[in-house]
Each structure stands twice: as structure tokens, then as C-alpha cells.
Protein chains: 2
Amino acid sequence: MCSSPLHQLAEQGQTGGAFWRELAQQLRVDSIRASAVPKSGHPTSSMSAAELMAVLISKYFRYDFDKPDARGNDHLIFSKGHASPLLYSMYKACGAISDDELLTFRSIGSRLEGHPSPVLPWVDVATGSLGQGLPIGLGVALAAKLEESPSRVWVLCGDSEMAEGSMWEALEHGAFYELDNLIAILDVNRLGQRGETMHGWDVSSYVRRAEAFGWAAIEIDGHDVDAVDRAYEAALSTLGRPTMIVARTIKGKGVKAVENREGWHGKPLEDPEAAIAELGGERTIAIDVSKPKPFEPDRFDTGLIELPRYDVGTEVATRKAYGDALVALGRGRGDVVALDGEVSNSSYADEFAKEIPERYFEMYVAEQQLLAAAVGLQARGWTPFASTFAAFLTRAYDFVRMAAYSRANIKLCGSHAGVSIGEDGPSQMALEDIAALRAVHGSTVLYPSDGNQTAKLVAAMADLEGISFLRTTRGATPVIYGPDEQFAIGGSKVVRSSDDDDVTIIGAGITLHEAVKAADALAKEGTNARVIDLYSVKPIDAATLHAAAEATQGRIVTVEDHWPESGIGEAVFSAFRDADERPRVDRRRARHPGFGQANGTARCSGYRCGAHRRGSAQARVKLGRSDTSSARSSRH
Amino acid sequence: MCSSPLHQLAEQGQTGGAFWRELAQQLRVDSIRASAVPKSGHPTSSMSAAELMAVLISKYFRYDFDKPDARGNDHLIFSKGHASPLLYSMYKACGAISDDELLTFRSIGSRLEGHPSPVLPWVDVATGSLGQGLPIGLGVALAAKLEESPSRVWVLCGDSEMAEGSMWEALEHGAFYELDNLIAILDVNRLGQRGETMHGWDVSSYVRRAEAFGWAAIEIDGHDVDAVDRAYEAALSTLGRPTMIVARTIKGKGVKAVENREGWHGKPLEDPEAAIAELGGERTIAIDVSKPKPFEPDRFDTGLIELPRYDVGTEVATRKAYGDALVALGRGRGDVVALDGEVSNSSYADEFAKEIPERYFEMYVAEQQLLAAAVGLQARGWTPFASTFAAFLTRAYDFVRMAAYSRANIKLCGSHAGVSIGEDGPSQMALEDIAALRAVHGSTVLYPSDGNQTAKLVAAMADLEGISFLRTTRGATPVIYGPDEQFAIGGSKVVRSSDDDDVTIIGAGITLHEAVKAADALAKEGTNARVIDLYSVKPIDAATLHAAAEATQGRIVTVEDHWPESGIGEAVFSAFRDADERPRVDRRRARHPGFGQANGTARCSGYRCGAHRRGSAQARVKLGRSDTSSARSSRH
């Protein structure tokens, strides 16, 4: 795609030592120039990988910059996202961005952010939190294999980030899934942010580890372009397993003032002009990146979606309904894939695994890789549903956070939420999940109470943008909605109401059923309770809440199965923050037997759970501004 | 400590194949009996490790059950916490609990929870989230080394949990810190929850990995008691590196109905009586666990704490004040240790590292290990401060969650919070941290605005119970409090007020200074604003907030630098949830340039930050129920 003057050097041939060395110097110079403008960025971390990237883009990388979605394109992920000046310098060399745009790095309005993000059409996912690019790249490689695509996934990794456990999760899964389309390029420049890494230049320590994990590993001098060339050649001819190219490099290579020196991480060079001169000045080499051969994957068939239907009055666990709906969705939509973290027989993702094994990925007990693989799969247009216990999604919270910046469309299901799981105890109980997931940018948080509702919400999730989270319950709950009822995202259901309601009780998921029981008990005492099913915790149905607050004189009780902060109660308060009338909200929470929820202080006795099943507590519910009334509000 | 009838068998000698095999059968029988009562638990996962534990407690484990805090005690951590029936059966064999108590397993009121927790005095930390016991054990081993204690740390690991990256973080750090007092016992029973593990019985795959990571590794048949004996002997004689004993075992060993069969994870046996008979019936072997030799570590000196003092009117970043205060605390208190995740030159933990290197632990870019090491260190009575970018604490959220169940006293510092960090971009900005940390049981969330306040809060954190979190800011902020001002946990400061305030503006950290600027601007327009410094976000100073709401006719504006959910605004709403008068709260948030905070929808442009510095926006602040007034509220 490059043309005119810049094109001439490339036409002399894009390969060979002299050319690559020149191109590498250009990438260094441009990294320094880009960082010099905002006086910010990571030029030295860019300079160490210049030869590695020069050889890659001029000979091996296959990419159509005009068609970033071409199915045969390779992928390039900067797991060491802070080397963004290098990536942007490569884009310039490839003609994707102009030199003027390069110099907008880190300035307001520029696409060239501090760390790469999909605001650029050629960037698949946001990086910058170390240890995420390789596991996400693994997900992309899984997608390419699923499509039988010739696409390769190149991931530039830093040596510092090898300390992240998530990298080793990726090594395990890369070997397990025999991903020979995945090539990790490890830039061992020895220096982290504050000093030397754990292994310094002991390059063989990485080789030993990678080989022990079942990868091919190639040790090279990362500044020897011929060695780099041979390594890529070898990686591409390696079958049945991924390759890690372990390159010994020098941070800040080429500029004596910073070369291999501590204290230069994340800093622009003090004298960029002198550095550029030392590197031989600016260059204008343009690269013609090879375009991939046309490739269109066979997609799986898409047809009618026949969601499961449950009879009102029967009981089904929402986790079971998730599994039933997921397999129905998978049958009907060829773009749907499923993943689980070794608990598929609990989350019921195993129904999908059994019926549609070709689109199911077992991620074992590696929740970070679970999330990362989902992000990678959606980067190639798949619609991933990833499940585990909701408690264990906290293990991957940083990946969820970053997925939002990746503009990723992923669907998460967390099962076994709340103290209602019983005897297994608090380690397995998600009590922080709503708080964590609500706080993710642009997220959707759903908490269904019955089987038919769950099925409808699962189907809706498939088309949602961003991060959506479905919280399911272990035990069976009554089916209260007919199979043809509709549930809008951002909606709610009023399940009990009259023209003369005294109080509003709000529940969701398993607590909705407790709210209904409380309303029944109140009715016997002559008190009318409006009951709202807040199945969509985010976005929240403020209009229905406001109407209920007005109808019930500002008396609201929420029924919760999580820690008090940022759960249903706070979500409800928030919906009134700037309303003209703001109700009094009384929270009734599931009691966590071991932590004395009632008075909020920790009590050191067993928290074995199951206690909640034993009955309901007489609870004094404060209603409205000054009224009080007595309600039998089940705590479970 | 065991006596009378049970004692007799032990007196015949606690070692030797026949004895160990009998003891192992007893542990199996008791695991089955314990699980049979609640019809719940993991007997088969217990049965695979029976010989491993029988040999350990009768010959190698040194522990005084009457003095769980004895400094010479060994530690035993069940990283595979679901094997709790085995642990409790061991406690019974050691005389720590009665047979009657054993049979209270998983019942209400019992100390014998589904997964082990420190409600039992002999359990250091809660487990049950896989992949945490080994990294926490590493922290305990670091503490023992620091004390020059003869204590050894034995960690029983499951093969499923080796898929967790956190285990490999522990392997890296165990070798790096040469922890020959750390022995991992890997129970390779081949079967996970839903089927075979990634490596099944390929025991050598674990050996290769462990060796590549620098550990001694010993492959054995885990049911061959003599092999187990030799392996422990070898582990104890290995110097300069930790040992992993990789034991091939059979899940459900000894009972044909479940032995090596899928579908029996986490389930009680169908016919416990028959199983017990098959195992040779109940036994009453009692073990005299060897007590450790008396040992009292030299503690580091504790003396006067001279906190840093900053002059009012100067500027200092709260992250710098954290570093200054931490080193002051370390000088004055010998129990304080510090850890950081390879960003100590940004978090300013490097001040401690330089001055008190013997009590500083570099955890590299491994945030899970960072948290786990802190939990391990506090288990032996140390007072750990662990720091990284607040954004990257999300990487260890599951460890924070579990630390609360461990009743751990750990102090976390998250730096570079909010969009105010500028050009590095969203991957480095903590915007979810307050939500995540508020939702942790019993947590304390602090967000200081100036240097002197930071210093006082750091000192206070040292004595706080539970999880405390300090959110620091990258840029320098004005010193507004004198060095002798006091700041109670759960308090707040009214920094502007009059007898005739029209509106309350609430900020914390960097946003307090924006709140003050807004108040100054309002004052010029003749509007009196009360400004509250909400430095203690949790617990929150409800009384001061209520008084302010009353004084300002229910008009409150919060100024925030995080995503809207569960931040300062929601914390403030919550303080009014059941108040007689509930104010209108208008949230003004730092604008995230890339995500169009103003209208809540994602806009795909750069989010380079720094934008906030450019000035303040004219914002229409809704005050009270029906009034509106115009305020110049800085958005930053």
C-alpha cells in the first residue's frame, strides 16, 4: 500500500541484513521522535525490539492494512504494550499512518494512545496491563484454528511480564491446544521498571521453562537480524506446538546515554536530537507488508433459536437454565462459542460441551486465561460465553477491566452466587461480584430469578455490546414467568402490585423469591407490598423504581445476597440520587453465618451456610421517613 | 499431647510402613465418616493424600497444638482446601479435636467449615479458592526466613490447581528467594472436578516444570509410604531451594466404588458403611506430633515513629508521602515489612527498600504473589504493607477477597489512581478500585488528599484489623493540613464552612482540591459552599454528612475520579439510606477523555488524559429538591 518516494527503498528489496538494520534504526529514531513531543512514553523499551519487529513486518507479517478484518490477516499483539512508540513507528513504516500522525503520540485527540487500543483499526485488543497480551493472543489463535484460517498470531512479550502467572497459563494452554499458529517473541532486555528482572539476561532460564511447558523455544541475539530471520522461519515450520523466540536484547539499544542503563524505563530521551544523530538520522523507508491470500472461513450454521421453556410452578436452577439456553443458542447461532474454567458440570456449560464440542474450549482452573481466551475469540468476531463460579471471576478482574478498554464483546456467567450455595462456604460464595462487575465501564449486570427469564437474558446477551455478566444461583427456584414473557435489558418486572401499596420490596435472583414470600406474609397482616424483580441491575430501570417509590410513599426495602457495598441496595439508591423525591431504602441481607451480617462485625465462628435455609427471621423493616411497620422479611 | 487408650498404638512407635498404612486408612475412614453426616464434602479428594499426610504428621511435622503461635511451629497449608475432611481427620488423630467434633463437619455452629479457615487456631489462612495456598505458604516461608526460624512450611497442593498462574508465580519466587523451608506436596490424583486434568497422570510433566523453575522435584508413588518417607527426608536435606514432591495418587483410593472414577468430586460416598468396612473399619490411632524446640526470633527494634512533616502551602504527591511515611514507620516499628510489585520507584516503596532492605520483598510483576506474600507474612505476626498501581491490585482481587476470610491484617497501597495520572492511559488508571475494595468484608478504604494526612493514615493503617487500602495520587497536591492534625479512621474533615452554607461539596484525594477550587469560585458568586474531605471512604463519617445535608438543605455535590458505580457518590448516598432526610446528590466526575464520561457512552477517540488539567468546566449543579443554582465545578 505504500507509494511514491518512500516506496523506492522498499522496491530495492525488503529483506537482507543491511535493509533490516536500516529499518530497525528507523523504528528506533521514530520511537524517539514520537516520545519526544509529549516528553512521555517508553522509547527505550521500544528500541530493544527494533530488529525483531523490522524483520517481522518486512518479511513474515501478512496483513492488509486497508482491510483489518480480512480473515486471512495475521495478528500482532504488543503484550508489552508500553512499547507503543515502536508499534506506531511500524505503522508509519507500513504506510498505515503518516509521519504527522506519528508525532501526535499521547496528545489529546490522537489515536496513538499511551498504550495501544482498538481505537486503531489494526489493534485487536488493548494492552498495558502486563501479562495479558499472550493469553489473549492464545484466544485469537484458538479462533484462527477454529476457522481453519492461515492467520498467525505474533505476540511481542516483555521479560518483566513473564513474572505474571497469566503468562504461564497461556504457555500451558498453548501447548495443550497445539497452537502452532501462535508465536511469542520474548524481548529479554533485562531491565524492568525499577531495575533488573528476576532472571536478567539468563535467557536459558526462559528457554528451559518454555520447553518444560511444551513449547518450541529458540534462543537468539535479538539484534542479529539474520538470527531473527532464521528464528521466524523455524517458528513457521514448527508443527503441533507454539514457539517462543527468546531474544537477548539491550534496552535503549543504539544510544549510549540510555543503552542498558537503569532509570530509563518509561522516560523520553534527554537529548533526542543527539540520539537520532547517533542512530544515523531520520530515514524514510517504506514497507510493503505482504497481504494475505484471500480466505473466508466456513462459518457454522445459523438457524432458528429454540430456547428452553419451563412450566410455571415447576422449579429449575438458573444455572441449569443457563446451560440449557446456551446449548440452544449454540444450536441456532454458529457464532456462539463457550468456555469454562473446569466447573462446567456445576455451571452447566457442559451441556454445550457435550453437544457442540467443536465450539467449546475447556480452560481448566485458569480463570485469567478463561477471560483472555474469550477476549481473543471475540476479536475475530466470535460470540464467547465464559463461565465459572462467580466468586472465581474475581481471579480475572483485571482482565475484565481491560476487556472494557478493548471494546470487547464478551458474555460472562458466574454461578453459585451468594450465601445460598450453602455448606461449601465463603471461598465459593460470590458476594463481591455485583460490585466488581457494576464498576466495569459499559458493563451489563443481570441477575435472573427464574428459568424462563434466564433463557431470555442469555439470548439477549449474545447481541449485547461490551461486558455482560449473568449471575446465576445454585439451588432450584420456582418458575414464575411464562416462557413467552419478554425481559428488556434495563427493564424490571413488577411481580406484585395493587392500587394501594404501602411498601416496595425489591429483589433479584434468589432474593426475589424471598421478597415475594415477605409480601405474602405482609398481605396476611393487611399490608400491601409492591414487589419488583430487578433482574437488570445495570442498566437499572429508574422509571419503575421512581413510580414505585412515589406509589409507596418513599418506602423501599431491598433484599440482597451479597456484601452491602455496591449491590442491589446501592444500585437502587443511585437511581434516586438526583430525583425530586428520594425514598428511604432499607436493606435486608442474606445472613452470612460466620460474619454476623446482622450487626456488621466479624464473628469468629463457622460460616457454614445452610443456616439461611432454616427459616425466616422476624425483621423490623423501617418504612418511609417516620413510619415503621413490622414485616416478616426472610433472610436467607 | 494425646493420652490414655488412644495413646497406646502411638507408643508402639509412630513410624514404619504398617503403622503409616493403618493411619492412612484411619484418615480415609474418618474423612468418609465426616462427610457422611452432612452428606456433603470431598472425601475422594481426601483419600488420595492419606499416606502423604499420615507420614507427615507422625514423623516430620513439628507442631504444638496447645501453642499454635509458638514461633518454632511448622505450618501446614491445604492449598487444596476442599480436602478439609482429611485435615480435620488429621486434627482428630493428633488429639486436637474430638471424634464428636469431627462429626460436626459442615454443620451449623461447627468450626469445621467446608473449606479450612482460621476459625480453627491451627489453620493459618483460609483456602478453597484454588491456587492460593502455595503462594501464601511462600509468604509464610519468607517470614520464617526473616526470623531465622526453624519452621518449615508444608503445602498440600492439588493437581487441578497447577493450572492457576498464581502457582507458577509461587514457583518463580520460591526459587528466587531460595526457600528451602518450603515443601510443596503435589497430590496428582489425575481427576479434577469435571474430568481429567490437563496432564492426567503424566507426573513427569510436573517434575519437568518444577525443575525448570529451579525447584528440587521428587517423583513418587503417593501411596507408597516408604517412598513418601524418603521424599520428605530428601526435601529436608535440600538446601538453597524449595522442593516439590510430585506424588502419583488415586482419587478415592481404597474404595472400589469411587476409586479413580469420574463423577465423584465433591460428593459424599453413597454407602459410607460399606466403604468403611472395605477400608478395614474404624481405627483409633492417636499421634503424638513432635513439638518444635523452643524458639524465639529476634525481632527488629521498635522505637519512636517520626512521621514526615510537610509545610502547609507546599506540594507533595500522596504517593511520595506514602513512601516517606512507610520508611518512618519501618524505622520505628520492627514488625513492619514492605512489598511491592516492581513499581517501587513509582509507588515510593523504594524508600523503604533502600533504607530497610532486610524487611523489603520485591515481588516483581506478580500481583497475586504480592498479595499472597503479604497474607503469609501477617500469618506469622508481621505487619505487611504491599503496594503497586491501584489498577493492578485488580489482578489480585480474588486474593484480597480470600484474605478477608483469612482474617488477615494486610495494608494495601494503590498508587496512580484515577484519570489524573495522565498520558499513560486507562490501562494504568484505577477507576474500579474503590468499588472493588469497598465490597471486601471488613475493609477500610482511605483516600488522602495531602501529605500530612497520608502520613497519619499510613501510621494508623499499621494497627488496623482486616484489609486496609490507601489510594494515592500520582501528581503533587497542595499540603493543606498541618503536620499535627489528627485523622480518625471513619472520620472526615470539614475544610470550608460557614453559618450559612448553601451547598455541600464532597471530595477526597485529588478531587478534594477541585472541590475547594469550586467553593472558591462559588464564593465569588456569593454562594457559600461547605467542603468535606471524605478521606475515609469506608468506614464513612455519616454524622458529618448528615449535619452538612441538614445545614445545606439537602444539597450535596460529590467530586469523583473513578467510574460512577460504588465510588464516593454511592458511598455518600449509602450513608443516608435510612436517614430521615435524604439529600439530593449530584455527582461530578473526572472526565475520561476517551469514554465521554459526560454522557456515559463510549466514544472511540484517544483517552489520553491530561485533559482534566486544562481547566474547569462550567457545570450546572442541581441543588436540593427543586432549587437549582449555578456552580463552577471543576472537572478534572
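Residue numbers begin at 1 in each chain, while the letters A, B, ... track the order of the sequences.
In terms of non-hydrogen atom pairs under 4.5 Å with chain B, the most contact-rich of A/Ser344, A/Ser40, A/Pro135, A/Gly442 is A/Ser344. The greatest number of non-hydrogen atom pairs below 4.5 Å with chain B, out of A/Glu164, A/Glu432, A/Arg438, is found for A/Glu164. In terms of heavy-atom pairs under 4.5 Å with chain B, the best-connected choice from A/His173, A/Gln369, A/Met363, A/Met167 is A/His173. Most heavy-atom pairs under 4.5 Å with chain B, from the set A/Ser129, A/Gly195, A/Ala436: that is A/Ser129. Options A/Glu161, A/Arg395, A/Glu362 differ in how many heavy-atom pairs under 4.5 Å they form with chain B, and the most are formed by A/Arg395. Most heavy-atom pairs under 4.5 Å with chain A: of the set B/Ala391, B/Ala435, B/Ser84, this distinction falls to B/Ala391. Note: A/Val343 leads A/Val343, A/Leu171, A/Leu120 in heavy-atom pairs under 4.5 Å with chain B.
Within the 3.5 Å criterion, the main-chain N or O of A/Gly128 finds a donor-acceptor partner in the side chain of B/Gln428. Looking only at distances, no side-chain donor or acceptor of A/Arg582 sits under 3.5 Å from a matching main-chain atom of B/Val585.
Taking both residues in full, the closest heavy atoms of A/Gly165 and B/Glu169 are given as N-OE2, 2.7 Å, listed atom of the first, atom of the second, then distance. Pairing each heavy atom of B/Phe392 with each of A/Asp398, the nearest pair is CD2-OD2, 4.3 Å. When all heavy atoms of B/Arg401 and A/Thr394 are compared, the closest pair comes out as NE-OG1, 3.6 Å. Minimum interatomic distance between B/Trp168 and A/Glu172 (heavy atoms only, all atoms of both residues): CZ2-OE2, 4.2 Å. Nearest heavy-atom pair, B/Glu570 versus A/Ser566, reported as atom, atom and distance to 0.1 Å: OE1-OG, 4.2 Å. Residues A/Leu431 and B/Tyr405 share a closest heavy-atom pair of CD1-OH, 3.5 Å.
Residue A/Ser346 forms a side-chain hydrogen bond (donor to acceptor under 3.5 Å, both in side chains) with just one option from B/His265, B/Arg194, B/Gln193, and that option is B/Gln193. Of the options B/Arg106, B/His42, B/His82, B/His115, a side-chain hydrogen bond (donor to acceptor under 3.5 Å, both in side chains) to A/Asp424 is made by B/Arg106 and by none of the others.
You'll find the side chain of A/Ser166 stays beyond 4.5 Å of the side chain of B/Gln368, heavy atoms only. For the pair B/Met162 and A/Val365, the minimum side-chain heavy-atom distance is 4.5 Å or more.
Among residues 204-212 of chain A, the residues having any heavy atom closer than 4.5 Å to a heavy atom of chain B are, in sequence order, A/Arg208, A/Arg209, A/Ala212.
Other residues, nucleotides and ligands contribute more than 12 heavy atoms inside 6.0 Å of the CD atom of A/Glu196.
Heavy atoms closer than 4.5 Å to chain A are found nowhere in B/Ala396, neither backbone nor side chain. Of the two parts of A/Glu342, the backbone and the side chain both hold a non-hydrogen atom closer than 4.5 Å to a non-hydrogen atom of chain B. For chain A, the nearby parts of B/Met198 are the backbone and the side chain; heavy atoms of each come within less than 4.5 Å. Contact annotation for A/Phe213: both backbone and side-chain heavy atoms come within less than 4.5 Å of a heavy atom of chain B. Using a 4.5 Å cut-off between heavy atoms, A/Phe399 contacts chain B through its side chain alone, with no backbone atom that close.
Residue B/Glu113 holds its CD atom at 9.0 Å from OG of A/Ser427, rounded to the nearest 0.5 Å. Going from atom CH2 of A/Trp563 over to atom NE2 of B/His441 covers 4.5 Å, rounded to the nearest 0.5 Å. To the nearest 0.5 Å, atoms CG (B/Leu437) and CD (A/Glu565) are separated by 11.0 Å.
Less than 6.0 angstrom separates the ring centroid of A/Tyr397 from the ring centroid of B/Tyr397.
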Open item on the list: What verdict does the side-chain contact (heavy atoms from CB on, under 4.5 Å) test give for B/Arg587 and A/Ser574, after you've listed the backbone C-alpha separation in whole Å, the side-chain angles of each residue and the deciding distance to 0.1 Å?
Closed with: CA-CA 10 Å; B/Arg587 297 184 299 205; A/Ser574 268; 3.8 Å; yes

